[in-house]
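Step one of this worksheet: look at the structure below.
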Amino acid sequence: MTRLPQLVGILNVTPDSFSDGGQHLAVDAAVSAGLRLCEEGADWIDVGGESTRPGAPEVPVEEEVRRVLPVVEALVGAGVRVSIDTRKTPVAEAALAVGADVVNDVGGLRAPGMIEAVAAAGAGAVIMHMRGTPEDMQSRVVYDDVVADVRAFLEERLAAARARGVERVWLDPGIGFAKTVEQNLVLLRRISELQDLGAPLYVGASRKSFIGAVTGASEPLDRLGGSIGAAVAAAMNGAAVLRVHDVAATRQALEVMIAVHGAT
Ligand code: HH2
């Protein structure tokens, strides 16, 4: 690892996200939190209006748009690069119309019209691997080889996106989405096997439950050290972009890793 990965700061405008739910519901509070993440060194901010934690219920389009749109608009107005974290085409379209630059889709751009919406806006896309929906995904964790399965899915979705004119794409193995603890660890260890697919790799491991399983830290807010460990591991194994809650601390850890790596 010789280059600092890009850092995406997580901004959940939801009442029920697993680690920061309810914190940023008011628009002003959400925008301030986003700007703070930028000051800490985030390269872009990922705004989400629907929790995708295991078992989370789906949020209606109107409610998701109501939550995210003013926040996206204000951050874009402040010069921030924003991605919209959504599985729904109308939500993506609304955010793109006010200047979001990337659609971060945990559904892998499978919703009707999603690829076309991204292409029409000249936007980028994060394509993530998941099975089923957040509501039922943890009952779908049987794989012959999780890395091969993730790879085949990402390869197919990348080809579909490129064929319809989406040029900027990041590929994400979907840590915590239809995966056991062991499968998450295997993906972080073998993520380099996805590097030749033809798009930079994006990883979101921050505060996730596998860190709790490994360390005994049952509360997401107590998982800073484990999250940094996962971020450093992902970066060393080839991730180009890391989606994190704790931007400043993660950045500091990565800077030291790079300095050590580059020392002669
Ligand atoms: N993880 C979450 C949400 N969006 N997007 C990508 N590309 N990769 C991820 O790993 C990913 C994601 C889940 O984390 P969080 O947003 O912190 O919580 P919640 O879904 O409960 O809002």
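Atoms within each ligand, like the ligands themselves, are counted from 1 in listed order. The analysis underlying the following values was restricted to heavy atoms, covering all of them including side chains, and did not include hydrogens, waters or symmetry mates.
A distance limit of 4.0 angstrom between heavy atoms and ligand 1 selects the residues Asn12, Ser17, Phe18, Ser51, Thr52, Arg53, Asp85, Asn104, Val106, Val126, Met128, Asp172, Phe177, Tyr202, Gly204, Lys208, Arg243, His245.
Side chains of Glu64 and Thr86: a donor-acceptor N/O pair is present below 3.5 angstrom, by distance only. Inspection of the Ser192 and Asn237 side chains reveals no N or O donor paired with an N or O acceptor under 3.5 Å.
Residues Ile84 and Leu7 share a single hydrophobic cluster, defined by chaining ILVMFWY side chains whose heavy atoms lie under 4.5 Å apart.
Using cut-offs of 30° and 60° for the angle between ring planes, the Tyr202 and Trp44 rings count as tilted.
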Which atom pairs, donor and acceptor, lie under 3.5 Å between side-chain atoms of residues 109-119 and protein residues at least two apart or in another chain?
{"residue": "Arg110", "atom": "NE", "partner": "Gly107", "partner atom": "O", "Å": "2.7"}
{"residue": "Arg110", "atom": "NH2", "partner": "Gly107", "partner atom": "O", "Å": "3.4"}
{"residue": "Glu116", "atom": "OE2", "partner": "Arg164", "partner atom": "NH1", "Å": "2.9"}

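Salt-bridge check for Asp246 with Arg223: failed, with every basic side-chain N at 4.0 Å or more from each acidic carboxylate O.
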